[in-house]
Every structure is written in structure tokens, then in C-alpha cells.
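Notes follow the structure.
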Amino acid sequence: MLEPFVEWWTSDLAHEIYENLRQLESIQTSFSQWPTLSSSQQRQRRVIVDWMARVCEKANLLEGTVHSAVYCLDAFSAHSDHEELESHAQLAAIAAILVAAKYHEREESVPGIATLNFFSTVQFPTPLVRKMELILLDCLEWHIGEPTIVSFIEYYVIQAVHPDDYHCDQPLTSVEKARRYVKKYVEYFLQICLQEYKVRAYAPSCAAASVMAAIRVCLCLAPTWPKRLEDTTGYESPQLTDCVHILLVIHDEDRRATLAEEASTTSNVLATSTGTADALLSCVAPMQAS
């Protein structure tokens, strides 16, 4: 589930709302100044972010809530040393989910502390969680409505595919089919943007535009960055190159891992079948001899 109650990107005021989001984005913390994480810190972050995503999914929270919660966690990380984050990671994650949910969700959809504790390895007392919420809000300077990649993605998706596009150097034959694939890829790359800390170095609107470009590369749609997407996003192709490269490298790694897993599964099935056939033949041979 993506953003909340009104699909603003389809309204008559969509362009004005988009410009307002870009203005809000421009006064955020400089994205290029997020602290560098070591390999071990990035692994730890992926584990806790994956946990947050699964908890939010089980609690039926909006996609925007998940991304906002991870933004809160990263803000806390930027103000904490590694040891402090390591010892308070799950507590900070629970508080981040609560802060984000209270902003993005309807009141009845905000999970309780008991619900979040159910998914945690530690049962945190309510006063401690409330205290951590305040710490997170201080780290954010109480700016809890910061735009995330989810704030922009649907506005861009409208222009993702057009009948004038080419697919594998041939005219596009099915716009609707291409749009269905775009939707699947959006879900995939949104998860990549959550997990990959390097994407944090780019403004959310830039990351969302990069997702659109990466999707078009994956679907072999040409041109990769048409004029309509440049006009819609305000980004030219060279401004997206670095972020698109990050996304495509991860996509290629995932694809290779999937192919290797499928090959391994096929090999195991064949080995099992061969073993079964050999066993049957060993039983048949004595019968024929007799």
C-alpha cells in the first residue's frame, strides 16, 4: 500500500503539490552529509531495516510510514555513536515506527507498544519507548513530515510508460502490460532504497526519479529518460547517473543470485532423479536376471 488518503498525484493541483514537496525537501538536512557507515554498520542497518519493514507489513502500515520510520532511524544513527546504536537499535526502531505511524496513519491504524513488542526480542516498557520517541523527535528537530521517496514515486509513475515508447528497439505493443511490470519493479526498488544506505546520499525526489530510470533500463524501454519524465521530475539524465548505477548494480547482483539458486535447485532435482532412477535400475536388474 502506498500513500494515504488522497491520491494527490491525480488531482488538478498535482504540479503545485509536487513543487511544494520539492520545496520541503530542499530545507531538509543535506543528503550528502549523512555519516559514512562501515561494512559492519551497514549490515546491522540492513538487519534492523528488514525487521522494521516486516513489522510494518504485518501491522498493515502504509509504505510511506515504513520509509519515514527508516528515515527517523537514520537520523538517530547520525546523532549516535556505533555502540549506542547497537545497544538501542530495536528500541529506536520501535520508536521510529511509532513516530512515523502517528504522522502518516489514521489514529485507529497506529500500532500500540504492546503490538510492536510482540515482534521484538525484548519487551520494552512503555515509559522507555516514549522517552526514545522524544529522543528521535529531537534528532529530527521535530520535522516529522519530511518527504521520502514514496512522496514522489506515484507522481512519476504516471509518466513511466507511453505509447510512443520503444521496447527492445520495437514499438511498444502493450502499454498496460508494461505498466504492470513497472508496478512490480517499483515495489522491488522501493525495498532496495530502504535497504541500501548509499541511496540516502540523494534527495528523495532524485532517488525516485532514479528508480524510474532504472526501471526503464530493466524493461528495455527507450529512450531511457524521455523528455516527459525530465519535465515531470525536473531532473536531467546526468543528474541521475550515479544513483541509477547503484540501483542497477544491486539489481544485477540479485538477478545473478536468483539464477544461481535456480540452477542449484535444478541440479539437486536432477541429482535426486538420477539417484532414484539408479535405485530403480538396481532393483530391476536382479529381477531380470531371475
Side chain proximity check, R256 to D252, heavy atoms < 4.5 angstrom: yes
Atom of R45, atom of L194 and distance for their closest heavy-atom approach: NH1-O, 3.1 Å
Within 6.0 Å of CZ in F119, more than 12 heavy atoms from elsewhere: yes
Salt bridge flag under 4.0 Å for residues K184 and E187: no
Side chain N117, main chain F124, donor-acceptor under 3.5 Å: yes
Sequence neighbours excluded - side-chain hydrogen bond (donor to acceptor under 3.5 Å, both in side chains) pairs with any residue from residues 204-232: R22-S205, E25-S205, D165-R216, D165-R228, S205-Y235, K227-D231
CE on M132 to CD1 on I135, rounded to 0.5 Å: 4.5 Å
Under 3.5 Å donor-acceptor, S68 side chain and G64 backbone: no
Minimum heavy-atom distance between A178 and V161, given as atom pair plus value: CB-CG1, 3.8 Å
Any side-chain heavy-atom pair of D254 and Y188 under 4.5 Å: yes
Path from F118 to L98 over hydrophobic side-chain contacts below 4.5 Å: yes
Linked, directly or transitively: L259 and Y185 (ILVMFWY side chains, under 4.5 Å): no
NZ on K198 to CG on L247, rounded to 0.5 Å: 11.0 Å
Carboxylate-amine/guanidinium contact D50 R46, below 4.0 Å: no
S77 side, atom OG; L37 side, atom CG - distance, nearest 0.5 Å: 7.0 Å
S11 (side chain) donor-acceptor with W8 (main chain) under 3.5 angstrom: yes
Spatial distance of atom OH (Y71) from atom CD1 (I144) [nearest 0.5 Å]: 12.0 Å
Worked verdict on L140 versus C72 for side-chain contact (heavy atoms from CB on, under 4.5 Å): CA-CA 7 Å; L140 293 167; C72 290; 3.4 Å; yes
Residues, nucleotides or ligands: over 12 heavy atoms within 6.0 Å of E19 CD: yes
CD-CG distance between E105 and L61, expressed to the nearest 0.5 angstrom: 4.5 Å
Same apolar cluster: I158 and I149, side chain cutoff 4.5 Å: yes
Heavy-atom pair with the smallest gap, counting every atom of P147 and P204: O-CG, 3.4 Å
Sub-4.5 Å side-chain heavy-atom contact between K58 and T115: no
Neighbour count >12 (heavy atoms, 6.0 Å) for atom CD, Q123: yes
F189 side chain near I153 side chain, heavy-atom distance below 4.5 Å: no
Smallest separation among heavy atoms of L240 and A209, with atom names: CD2-CB, 3.8 Å
Test item: M212 and T233 side chains (from C-beta on) under 4.5 Å apart, heavy atoms: no
Full working for side-chain contact (heavy atoms from CB on, under 4.5 Å) between V55 and W51: CA-CA 6 Å; V55 169; W51 179 83; 3.6 Å; yes
L62 CG to R106 CZ distance, which is reported to the nearest 0.5 Å: 8.5 Å
Backbone N/O of Q23 and side chain of S26: donor-acceptor pair under 3.5 Å: yes
Note, E154 side chain near V186 side chain (heavy atom, < 4.5 Å): no
Step-by-step side-chain contact (heavy atoms from CB on, under 4.5 Å) determination, H143 to L24: CA-CA 10 Å; H143 295 155; L24 288 173; over 6 Å; no
Contact summary for V175 and P163, nearest pair of heavy atoms: CG2-CA, 3.8 Å
Transitive ILVMFWY side-chain link L134 to V99, under 4.5 Å: yes
Sub-4.5 Å side-chain heavy-atom contact between I97 and M52: yes
Backbone N/O of V150 and side chain of E63: donor-acceptor pair under 3.5 Å: no
Parallel, tilted or perpendicular, as decided by the 30° and 60° cut-offs, for the rings of Y18 and Y156: perpendicular
Step-by-step side-chain contact (heavy atoms from CB on, under 4.5 Å) determination, L91 to K131: CA-CA 10 Å; L91 173 60; K131 182 179 179 180; over 6 Å; no
Enclosure of H162 NE2 (heavy-atom neighbours >12, cutoff 6.0 Å): yes
Smallest separation among heavy atoms of L21 and S151, with atom names: CD1-O, 3.7 Å
